[in-house]
Undergrad: 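This structure is in structure tokens; I'll ask about it shortly.
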There are 2 protein chains.
Amino acid sequence: MSEYEHTCMIRGDGGRAIRTILDRICNKWTLLIVATLDQGSLRFTDLHQQTPGISQRMLTLTLRNLERDGLVSRTVHAEVPPRVEYALTSTGKSLIAPALALAGWAIEHVSDIEASREAYQTRH
Amino acid sequence: MSEYEHTCMIRGDGGRAIRTILDRICNKWTLLIVATLDQGSLRFTDLHQQTPGISQRMLTLTLRNLERDGLVSRTVHAEVPPRVEYALTSTGKSLIAPALALAGWAIEHVSDIEASREAYQTRH
DNA sequence: CAGCATCCGGAGCGATACTG
DNA sequence: CAGTATCGCTCCGGATGCTG
């Protein structure tokens with residue numbers, strides 16, 4: 001089987017499956033949060049501190065979406081002050097591998113891409 | 001080396017490298033166009049017909065961005081009527097592999113994610 | 001054939017202030 | 001500590017119409 005026949009996985013149903021996950025991970029913070037939680041369970045404030053630049057609002061929204069999709073578990077401990085632990089589910093952990101594949105590609109080609117952008121800039 | 005230490009590839013520079021590529025592929029059409037071009041060189045109209053639902057405007061914008069980033073080449077043939085061929089560059093082709101990894105994950109887990117969404121819905 | 005110009009609605013995201 | 005509420009900006013993307 002030739003290489004391009006595999007790409008039916010992407011085009012498959014008009015891209016519905018790949019869209020579902022892209023809509024989840026392609027926002028500004030999701031992959032960063034998932035990668036951070038790969039260390040293990042963390043509290044809201046820990047995540048906030050380990051994610052430079054994120055607002056409380058966006059951290060909350062990102063975690064809610066991940067919880068809703070079953071990629072992150074949210075555990076509330078009945079204590080005062082409250083303690084909430086976030087952790088990757090098994091589904092969430094399984095996302096790490098393909099995410100790393102993409103990150104590897106990004107690191108390998110980011111300089112080429114940026115060079116191409118500058119060259120394009122000067123041509124137009 | 002434990003698994004989670006690899007995730008520095010994602011968190012690395014605060015996520016700049018991964019952001020560069022996510023900003024490119026995470027829009028609605030880019031991955032679909034790249035997967036379609038994996039068949040080989042195609043004209044504007046061919047791409048338009050093989051990508052159900054896309055508008056001329058979005059096809060143009062998507063192709064311009066891919067060309068700008070050096071993932072797609074654009075060849076204008078001096079004929080009447082005009083003929084323009086789009087093809088993946090070697091950099092563009094190298095994106096197929098990690099994209100397939102992500103698509104595979106998406107296909108494998110899309111039903112779990114949708115089930116989790118419905119369960120979350122009924123809980124809230 | 002292969003596009004560009006224009007208008008417009010909605011979503012993403014940041015800043016800020018408030019709370020059980 | 002772990003959020004919620006509100007405001008406002010920007011950009012994506014769809015619809016439509018025009019052109020070398």
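We name chains A, B, ... by the order of the sequence lines, and we start the count at 1 in each one.
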Undergrad: Rounded to the nearest angstrom, tell me the gap between atom CG in B/Leu32 and atom C1' in D/dG13.
TA: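 In whole Å, D/dG13 C1' lies 15 Å from B/Leu32 CG.
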
Undergrad: Given 3.5 Å as the limit, does a donor-acceptor pair link the side chain of A/Thr36 with the main chain of A/Leu32, or not?
TA: yes

Undergrad: How would you give the extent of chain B contacts on DNA chain C, as first and last nucleotide 5' to 3' within a 4.0 Å heavy-atom cut-off?
TA: C/dC1 to C/dT6

Undergrad: Tell me, which of residues 16-28 of chain A have any heavy atom that sits under 4.0 Å from an atom in DNA chain D?
TA: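 Correct list: empty, so none.
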
Undergrad: Using the rule given for side chain to side chain contact (heavy atoms under 4.5 Å, CB included), can you reason through B/Leu37 versus B/Leu42, listing the C-alpha separation, both sets of side-chain angles and the distance that settles it, and then say yes or no?
TA: CA-CA 7 Å; B/Leu37 284 175; B/Leu42 284 174; 3.9 Å; yes

Undergrad: Given salt bridge (charged side-chain N to carboxylate O under 4.0 Å, His left out), test B/Arg43 with B/Glu79 step by step and report yes or no.
TA: CA-CA 14 Å; B/Arg43 308 175 61 167; B/Glu79 303 175 0; over 6 Å; no

Undergrad: I need the CG-P distance between A/Leu61 and D/dA2, as an integer number of Å.
TA: 17 Å

Undergrad: Specify the separation, in whole Å, of atom NE2 of B/His48 and atom C1' of D/dA15.
TA: 12 Å

Undergrad: Rounded to whole angstroms, how far apart are CE on A/Met58 and C1' on D/dA5?
TA: 15 Å

Undergrad: Just by distance, do the side chain of B/Ser116 and the backbone of B/Asp112 share a donor-acceptor pair under 3.5 Å?
TA: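 Not a single qualifying donor-acceptor pair exists.
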
Undergrad: Students often mix this up, so state it plainly: with edges at 30° and 60°, are the rings of A/Phe44 and A/His48 parallel, tilted or perpendicular?
TA: tilted

Undergrad: I need the OH-P distance between A/Tyr86 and D/dC1, as an integer number of Å.
TA: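 Rounding to the nearest Å, OH of A/Tyr86 and P of D/dC1 are 14 Å apart.
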
Undergrad: Would you mind reading off the distance between B/Phe44 atom CZ and D/dG20 atom P, rounded to a whole angstrom?
TA: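 So the two atoms are 17 Å apart, to the nearest Å.
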
Undergrad: Take B/Arg64 and A/Gly53, find for each the nucleotide of DNA chain C with the closest heavy atom, and name the residue whose nucleotide sits nearer the 5' end.
TA: B/Arg64

Undergrad: Would B/Asp38 and B/Lys93 pass as an ion pair if we require N to O under 4.0 Å?
TA: no

Undergrad: How long is the span from the CD1 atom in A/Ile10 to the CD1 atom in B/Ile96, to the nearest 0.5 Å?
TA: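 Reported to 0.5 Å precision, the distance equals 5.5 Å.
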
Undergrad: Give a yes/no on whether any side-chain N or O of B/Ser55 is located under 4.0 angstrom from OP1 or OP2 of D/dA15.
TA: no

Undergrad: Kindly give the heavy-atom pair with the smallest separation between B/Ala101 and A/Pro98, and that separation in Å.
TA: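 Scanning both residues completely, I find the closest heavy atoms to be O-CB, 3.8 Å.
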
Undergrad: Do B/Leu63 and B/Arg74 have side chains that approach each other closer than 4.5 Å (heavy atoms only, starting at C-beta)?
TA: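 No; the side chains remain at least 4.5 Å from each other.
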
Undergrad: So what does A/Arg57 touch, heavy atoms closer than 4.0 Å: a base, only the sugar-phosphate, or nothing?
TA: base

Undergrad: Whole angstroms only, please: what is the NE2-C1' distance between B/His124 and D/dG3?
TA: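 Computing the B/His124:NE2 to D/dG3:C1' distance gives 14 Å.
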
